[in-house]
Amino acid sequence: MVQDVTDKLQTFRRVLVTGGAGFIGSHFVRLLLAAGISEIRVLDKLTYAGNLANLADVLSAPAVTFIQGDIADPEAVAAAMAECDAVVHFAAETHVDRAILEPAPFIQTNVLGTQVLLNAALAYHVRRFVHVSTDEVYGEVLVGAVNEAAPLRPRNPYAASKAAADLLALSYYASYGLPVVVTRGANTYGPYQHPEKLIPLAITNVLEGKPVPIYGDGLQERDWLFVTDHCRAIAFALADGQPGQIYNIGAGNHRPNREVVRAILRLLHCSDEWITYVTDRPGHDRRYAVDPQALMALGWRPTVSFEEGLRQTVAWYQQRRDWWEPMKQGEFAAYAARNYGSRQRMG
Ligand code: NAD
Ligand code: TYD
């Protein structure tokens, strides 16, 4: 799976993965283990989005250590980072709809937490700090695709908090020489994604016999990147990225939301009548699109087509009701009532 970067990754002995109990972070822990990294430390607060079940198959591996802690807590971070030679920083509040309802945790974790990590990385002289960011920092890109020099125009509190963290990370390279690499990945999907996000929400709603809410006209476009391709891209940035550089990660799989949901419905043998159009998200970005040429120059290519990735994802959620059914109770139900309860049906 990671043959192309395995040898290079093995120059790292101890890697700290923040947010490794979340969606993309847990896949990345599996990638590091498969690459033969001798010590992988996972630092995760286990918020509503963190789930040790995401790591169930790797937690007993001698190379993997799990530490429950907050990235904004300097003591927890110092203990977790001691003697690490690399940090791959995934931990974040990640859901745009939640950021619109309540921005404060996004600033606390994404901005202040990142600064605590950067300070510790300086103190421990880490050889590489990969800051995992998002294409949402560029704001909406109505035509074409942007490269890493494009201005940042975030339009919701999640994207703004990630943009602030990106700039902070890059400032630690310019001001202190910390070997920071920033990645800006596209919308990611695959197994173990929290059912609050569009693709797993659509699949699990249908499996529960509930309609699928589409915001506005459903013609907003995202570039869908399969999670293992995103993780391989981050591995390339970790192994070969230039300190102080930014790497866009895009798969070239642009699809309007309406088409994504229809493809899911077809895979589940359901008609379009399962779709309910509801009031749009405020400040909803119409389209994201990044040019990943800088990363491709390092040798990375996406390998999973959207059709294949979606087929695998739907099959996984069909098989893993044990994983997602508990996640749609309690906390999620309260959030969903707040988020969807206030939206009108548009017909
Ligand atoms: P996720 O919400 O599934 O997981 C986030 C993880 O971070 C959870 O395990 C959570 O417990 C942990 N966490 C949150 N606050 C923390 C804190 N204060 N201290 C320690 N741990 C904390 O997120 P994801 O989708 O896996 O995203 C991971 C990273 O990738 C994020 O930085 C996100 O901005 C970025 N990203 C995500 C996407 C996407 O489409 N999912 C795309 C591009 C970039
Ligand atoms: P999401 O998965 O929340 O990712 P992001 O907002 O970070 O792109 O949403 C993907 C797209 O799907 C986005 O355009 C918003 C839209 N969407 C819906 O139409 N209905 C929903 O219930 C959700 C959660 C998202």
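In listed order, ligands and their atoms are each counted from 1.
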Looking only at distances, please establish whether an N/O atom of ligand 1 is found under 3.5 Å from an N/O atom of Asn51. no
Suppose we call two aromatic rings close when their centres sit under 6.0 Å apart. Are Tyr158 and His95 close by that rule? no
Please determine if Asp44 has a nitrogen or oxygen closer than 3.5 Å to a nitrogen or oxygen of ligand 1. yes
Does Leu43 reach ligand 1 with a nitrogen or oxygen that is under 3.5 Å from one of the ligand's nitrogen or oxygen atoms? no
For the pair Arg184 and Asp166, find out whether any cationic side-chain nitrogen is under 4.0 Å from an anionic carboxylate oxygen. yes
Is it the side chain, the backbone, both or neither of Thr18 that has a heavy atom closer than 4.0 Å to ligand 1? neither
For residues Tyr288 and His254, establish whether the separation of their ring centroids is below 6.0 Å. no
Is a salt bridge present between Arg98 and Glu331, judged by a nitrogen-to-oxygen distance below 4.0 Å? yes
Name every donor-acceptor pair, under 3.5 Å, that has one atom in a side chain of residues 8-26 and the other anywhere in the protein, sequence neighbours excluded.
from	atom 1	to	atom 2	distance (Å)
Lys8	NZ	Asp240	OD2	2.8
Gln10	NE2	Ala35	O	2.9
Thr11	OG1	Lys8	O	2.9
Arg14	NE	Glu39	OE1	2.7
Arg14	NH1	Glu83	O	3.1
Thr18	OG1	His89	ND1	2.7
Thr18	OG1	Phe90	N	3.0
Thr18	OG1	Ala91	N	3.0
Ser26	OG	Gly22	O	2.7
Ser26	OG	Phe23	O	2.9

Measuring centre to centre across the rings, with the benzene-like ring taken for any Trp, is Tyr189 within less than 6.0 Å of Phe306? yes
Find all protein N or O atoms under 3.5 angstrom from an N or O atom of ligand 2 and list the pairs with distances, or write 'none'.
from	atom 1	to	atom 2	distance (Å)
ligand 2	2 (O)	Leu198	N	2.9
ligand 2	3 (O)	Arg281	NH2	3.1
ligand 2	4 (O)	Asn187	ND2	3.4
ligand 2	6 (O)	Arg281	NH1	2.5
ligand 2	6 (O)	Arg281	NH2	3.2
ligand 2	7 (O)	Glu136	OE2	2.5
ligand 2	8 (O)	Asn187	ND2	2.9
ligand 2	8 (O)	Arg222	NE	2.8
ligand 2	12 (O)	Asn257	ND2	3.3
ligand 2	14 (O)	Arg222	NH2	3.1
ligand 2	14 (O)	Asn257	ND2	2.8
ligand 2	14 (O)	His284	NE2	2.6
ligand 2	19 (O)	Tyr215	N	2.8
ligand 2	20 (N)	Pro213	O	2.9
ligand 2	22 (O)	Pro213	O	3.4
ligand 2	22 (O)	Tyr340	OH	2.7

Residue pairs passing the salt bridge (charged side-chain N to carboxylate O under 4.0 Å, His left out) test with at least one member in residues 104-130, sequence neighbours excluded, are Asp85-Arg127
Could you tell me whether some N/O pair between Gly185 and ligand 1 is separated by less than 3.5 angstrom? no
What pairs of residues pass the salt bridge (charged side-chain N to carboxylate O under 4.0 Å, His left out) test when at least one of them lies in residues 148-165, not counting sequence neighbours? Glu140-Arg155, Arg155-Asp285
